There are 4 protein chains.
Amino acid sequence: MGNETETRERLLEVAKQEFLELGYEKASMRKICKKAGVTTGALYFFFKDKNDLFAALVKEVADEIKMIIVHHTQKEQTIYEDAKTTPQAIIADGIEQGRDFVTYMYANKDAFMLLLTKANGSSYENFYDELVDLMEKNTLQFLDHITLEYGKENEIKPYTMHWLAHLETSSFAQLLTHGLTLEEALIQAEVIAKYLTGGWLEILKK
Amino acid sequence: MGNETETRERLLEVAKQEFLELGYEKASMRKICKKAGVTTGALYFFFKDKNDLFAALVKEVADEIKMIIVHHTQKEQTIYEDAKTTPQAIIADGIEQGRDFVTYMYANKDAFMLLLTKANGSSYENFYDELVDLMEKNTLQFLDHITLEYGKENEIKPYTMHWLAHLETSSFAQLLTHGLTLEEALIQAEVIAKYLTGGWLEILKK
Amino acid sequence: MGNETETRERLLEVAKQEFLELGYEKASMRKICKKAGVTTGALYFFFKDKNDLFAALVKEVADEIKMIIVHHTQKEQTIYEDAKTTPQAIIADGIEQGRDFVTYMYANKDAFMLLLTKANGSSYENFYDELVDLMEKNTLQFLDHITLEYGKENEIKPYTMHWLAHLETSSFAQLLTHGLTLEEALIQAEVIAKYLTGGWLEILKK
Amino acid sequence: MGNETETRERLLEVAKQEFLELGYEKASMRKICKKAGVTTGALYFFFKDKNDLFAALVKEVADEIKMIIVHHTQKEQTIYEDAKTTPQAIIADGIEQGRDFVTYMYANKDAFMLLLTKANGSSYENFYDELVDLMEKNTLQFLDHITLEYGKENEIKPYTMHWLAHLETSSFAQLLTHGLTLEEALIQAEVIAKYLTGGWLEILKK
DNA sequence: GATGAATGAGGGTTCATTCAT
DNA sequence: AATGAATGAACCCTCATTCAT
């Protein structure tokens, strides 16, 4: 009947709708089966449990975005190490990172919606926090660099760093969860960059 | 047996622990009864349903913090209207509001934890969003004032306002949810105020 | 506060509404108490249990209507025994009985509604059947008389008698349960009498 | 284990006994499971809820009897329209209908018992009334015919028609609920026909 | 690849009633 | 005459998952 892996795809599609609509916990495996026109046995042939089903919708994207952030952190590291780097270059790079992040997010809209707002109860319920942690390393690097340049009169506490990472992460995440289009989001990303830069300058002032 | 209304208190205490540990949805009425050494009937004598039990832990605080914000917004309105008001006065007031908010939050730590992170599924699941909305009105008022003074070359979009309200609200909320002590939080609140002010200045620049 | 027996009256009134609306089984003692502004303890001071509460609304009427029927049966007995009784007299008496029944029913509308349609689960759930049984005795007497006069060529089976008692009883009961006014009901009672008489004549025919 | 769909049958059988004994509302799903030697989950695999279980015992019969009545009404319509139809033919047809009804009822005894006396609380609680309504249409048709033939000196009120439909329906229904055998019931059906015809003649008299 | 019957613990909630005060 | 806290069994139903076929 040409079913082959078609069943799997159908299950994934239906599951995505259910998870998006109800969230991980309230979504029902039985209802997913029913809507996909498939028996529970079939579902459990393809996916070992509820979490595995959710992961199948989300894993690839979750892994890749983390890699993207890590890569960016590494790349920034080299920029900082370059003696000839100007402040403008750093800012420009930050803006570019924002654009990349937003673009990737929007290219994988559904997966990000699941990860950011519908994963409660699943093994991805801490995805957002993990993102923040990665962002934090990014920011810490920046701070170290700044401190070298400007001296350490202004002590920035660890918590502050964590909070700023939150600020940045959630600012980007909200673009998607609040329903902006990609075009709107890219424009807004610039505003975010501007605002956060202004904030930094203020707290770094002596 | 010295029970009197002691049972109700015991139920509330146990329920608070359960909700804090598991969240509204995963908390079990039966488990709460068992831990409180009480039959289900007793619980349902005091509280009409699960949501009512949750509300009993949270309603007062939820109502009051909203009033506090509203009152502050009104007070700020009068400050803006005063011709002799200086920018310093406005900033000082913002800082004071932050202190008030944080202090009240910490004085009602458990209730705020429930409201901010454990209310999903209950009638308070939108509490955080409501807070943001109130904050937004606050910020909008500020923007109107600024626009009058500095002209309107820089158009701030509605979404930006909403985002900033989020930024501020979550910044305060996280102080609690991340486990800072009151002393740490109050210090951090100043950092937040500084940072957010810097951000504002940046995006208001021509 | 002048409460005295006022509480009892209030409970009875509220209970009547509840039973009428929901029926005996679905009515809730707690809700009755709440609506009456009284605690359960108070209710159980006046009425020993749910059935007792229902009975208090209904007993008097239930007893009296039975007596009325019995009395009528006895009175009819004497009519039959009277050698000078004409068939017209018998029919006239039957019509009068109908009128009495209907009038009494309407004078105690609520109680009859409870007894006829809302008593399921209570000790009065067989009230209607008891009424039928009493009616049946009435009808049997009539049959005996008829048989003496006209001979016994037409055998009327016991079940037929029971059925006819049902017919008559339900015909009257429905006047009330279908919402006719007293005036309409009295008119309709004549139609019933006519119809039932016609039926009798038909099955008594040789 | 030879279970196959045997479980479903066993559940239906047990449920039928429970419903017959206790009625829809007082019957307990748990008890039905226990008696059938099955877990609640199994029951809910076959039937979506209590009402669905009841319906499975009753739906087919409920639908068919209504169709039978409707069909008969249509057939009677053609009889009336036939110029050569004699009053005897009409009466004969009425009697035949009675026989058909009773025969079908007894062929589905349990289902009818459930529908007529045990359905309270289920979606079939108005089944009897629906039957009466169908019967009423039947009777109205008859009245229209009669009126054409005999003139309209005797006004029969709408309520009277409704009442007569009740009379007829309950007369048939009681044959079953009062425990008559099929043979007894068929004989009694003739008595009913006779009686009701006599009643009609009486109220149609000028 | 897929079926579908079955598990069994658990969910929140309602109930009539009791009894010490 | 009345309070109101407390009982505890029972209610219908949902869940993710398993496994013989």
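Given the structure is predicted, the values throughout are model-derived calculations rather than measurements. Every chain is numbered from 1, with letters handed out A, B, ... down the list of sequences.
Atom CZ of C:Phe47 and atom C1' of F:dA1 are 13 Å apart (whole Å). If you measure from atom CD of B:Glu6 to atom P of F:dG4, you get 18 Å, rounded to the nearest angstrom. What separates CZ of C:Arg10 from C1' of F:dA2 is a distance of 12 Å, to the nearest Å.
For residues 11-21 of chain B, the salt bridge (Lys or Arg N to Asp or Glu O under 4.0 Å) pairs, not counting sequence neighbours, are B:Glu13-B:Lys16, B:Lys16-B:Asp110, B:Glu18-B:Lys35. Listed by first and then second residue, the side chain to side chain donor-acceptor pair (under 3.5 Å) pairs involving residues 40-49 of chain D amount to none (not counting sequence neighbours).
Side chain of B:Phe46, nearest nucleotide from F:dT7, F:dA6, E:dT13: F:dA6. Proximity note for C:Ala42 (side chain, C-beta onward) versus F:dT3, F:dT7, E:dT17: the nearest is F:dT3. Residue C:Phe45 has its side chain nearest to F:dA1 when only E:dT17, F:dA1, E:dT7 are considered.
More than 12 heavy-atom neighbours from other residues, nucleotides or ligands sit within 6.0 angstrom of CD on B:Glu9. Around the CD atom of B:Glu60, the shell of radius 6.0 Å holds no more than 12 heavy atoms that belong to other residues, nucleotides or ligands. For D:Lys59, the NZ atom counts as loosely surrounded, since its 6.0 Å shell holds 12 or fewer non-hydrogen atoms of other residues, nucleotides or ligands.
From B:Lys118, atom NZ reaches atom CG of B:Leu57 across 14.0 Å, with rounding to the nearest 0.5 Å. We find the CG-OH distance between D:Leu114 and D:Tyr124 to be 11.5 Å, quoted to the nearest 0.5 Å. Expressed to the nearest 0.5 Å, how far OG1 of B:Thr7 lies from CG of B:Leu43 amounts to 10.5 Å.
B:Tyr128 is linked by a ring-ring contact (aromatic ring centres under 6.0 Å, His included) to B:His166, counting only residues two or more places apart in sequence or in another chain.
Residue B:Gly37 is the one, among D:Asp49 and B:Gly37, whose nearest nucleotide of DNA chain F lies closer to the 5' end (criterion: closest heavy atom).
Secondary-structure stems of DNA chain F, taken as three or more successive Watson-Crick or G-U wobble pairs (i with j, i+1 with j-1) under a 3.5 Å distance threshold, comprise E:2-21 with F:2-21.
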Close N or O pairs between protein and nucleotides 18-20 of chain F (under 3.5 Å):
| from | atom 1 | to | atom 2 | distance (Å) |
| --- | --- | --- | --- | --- |
| F:dT18 | O4 | A:Thr40 | OG1 | 3.1 |

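Panel note: side chain A:Tyr24, backbone A:Asn51; a donor-acceptor pair is recorded below 3.5 Å. Between the B:Lys50 side chain and the B:Glu25 main chain, a donor and an acceptor come within less than 3.5 Å of each other.
Proximity of B:Thr39 to the phosphate of F:dG8: no side-chain N or O atom is located under 4.0 Å from OP1 or OP2.
DNA chain E lies under 4.0 Å from no heavy atom of any residue of residues 12-36 of chain D.
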